[in-house]
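In this text the structure is predicted, and so the values were computed from the model without any measurement. Both ligands and their constituent atoms are indexed starting at 1 by order of listing.
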Amino acid sequence: MSTEQDMSKLLRQHIEMESFFAGDFTMKTKPAAAGRQPQDQAMEEIASQVRVCRKCEIGSTRTHAVPGEGNPQARLVFVGEAPGGDEDVQGRPFVGRAGQLLTKMIYAMGLGRDEVFICNILKCRPPNNRDPKPEEIHNCLPYLKRQLELLQPEVIVALGAHAARTLLETDLAIGKLRGRFHEYRFSEEAPPAKLMPTYHPAYLLRNYSYDNRKRVWEDMQKVVVELGLPVPAASSGGGKQD
Ligand code: URA
């Protein structure tokens, strides 16, 4: 990468971080992803199984299943709760308002959506965005586990209580889990991933205080450090107003 490209990446990262703190929700785009990788086929096979899955009732009420999307070589995976209305219509994860905030967070970390993988615990939308039922998690989790086993990311960010508790098999509150790395085991043999729980972007939108944004941003900075990526410069934060 040339010095000029480096500078423009750093500048965009800084602008996104500033706007994350300042509350500007304009979407920014990023150049297209690099070429397809060999792992695509195995990931696409899982996605095809998800698209025809009818194990739960919500398999019949969905418009589209949302298997997840991103780079099959991703070092970083974001796992949310379940598709919402916009995701159900488009068949893509995190494309609604919470998704726009997640996208801004990813950009502020110096990454693009095409460099990470984004998915959910449930692949179908629960009606009226209700909480996932235990039997739905039970039915759907094998798809996510297979995706994670194939991806073997170095870091997983669990967005919100449902993702964190499911992946860590705990009942602890998200406030107790977030802010530090836990281990996620793909299998007996493979080295575990580091798992960072943080607040769900939808929670952040509902509770858009400076302190909550700071907490999430601090969690994401730890992820950036863990991945050995350039740490975004400290933000002015637009003052400490909510
Ligand atoms: N919330 C989620 O948890 N997942 C999505 O894909 C969108 C909103």
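The His200 neighbourhood of ligand 1 comprises atoms 1 (N), 2 (C), 3 (O), with distances under 4.0 Å to a heavy atom of that residue. Against a heavy-atom cut-off of under 4.0 Å, Glu81 is close to the following atoms of ligand 1: 2 (C), 3 (O). Close contacts between ligand 1 and Pro93 involve ligand atoms 6 (O) [criterion: under 4.0 Å to a heavy atom].
Side-chain polar atoms of Glu45 and Gln49 form a donor-acceptor pair below 3.5 angstrom.
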### Task
Assess whether side chain to side chain contact (heavy atoms under 4.5 Å, CB included) is satisfied between Phe94 and Leu159, documenting all intermediate values.
CA-CA 11 Å; Phe94 282 97; Leu159 299 164; 3.8 Å; yes
### Message
Would Glu218 and Lys222 count as a salt bridge (charged side-chain N to carboxylate O under 4.0 Å, His left out) here? Give the steps.
### Response
CA-CA 6 Å; Glu218 282 169 358; Lys222 287 177 190 160; 5.9 Å; no
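In this structure, His162 falls outside the shell of residues with a heavy atom less than 4.0 angstrom from ligand 1. Using a 4.0 Å cutoff on heavy atoms, Gly96 does not count as a contact of ligand 1.
Checked against a 3.5 angstrom limit, the closest N/O atoms of Pro83 and ligand 1 fall outside it. Taking only nitrogen or oxygen atoms, main chain and side chain alike, Gly80 does not reach within less than 3.5 Å of ligand 1.
Glu136 and Arg130 are joined by a salt bridge, as a carboxylate oxygen and a charged side-chain nitrogen come within less than 4.0 angstrom of each other.
Contacts between Ala82 and ligand 1, counted as non-hydrogen atom pairs separated by less than 4.0 Å, involve the backbone only. Contacts with ligand 1 closer than 4.0 Å are made by side-chain heavy atoms of Glu87 only, the backbone lying farther away.
Of the candidates Asn120, Val79, Leu101, the one placing a heavy atom closest to atom 6 (O) of ligand 1 is Asn120.
Looking only at distances, no side-chain donor or acceptor of Arg113 sits under 3.5 Å from a matching main-chain atom of Gly70.
Within the 4.5 Å cutoff, no side-chain heavy atoms of Pro93 are placed close to those of Phe78. In this structure, Lys123 and Leu144 have side chains that are in contact, with non-hydrogen atoms separated by less than 4.5 Å.
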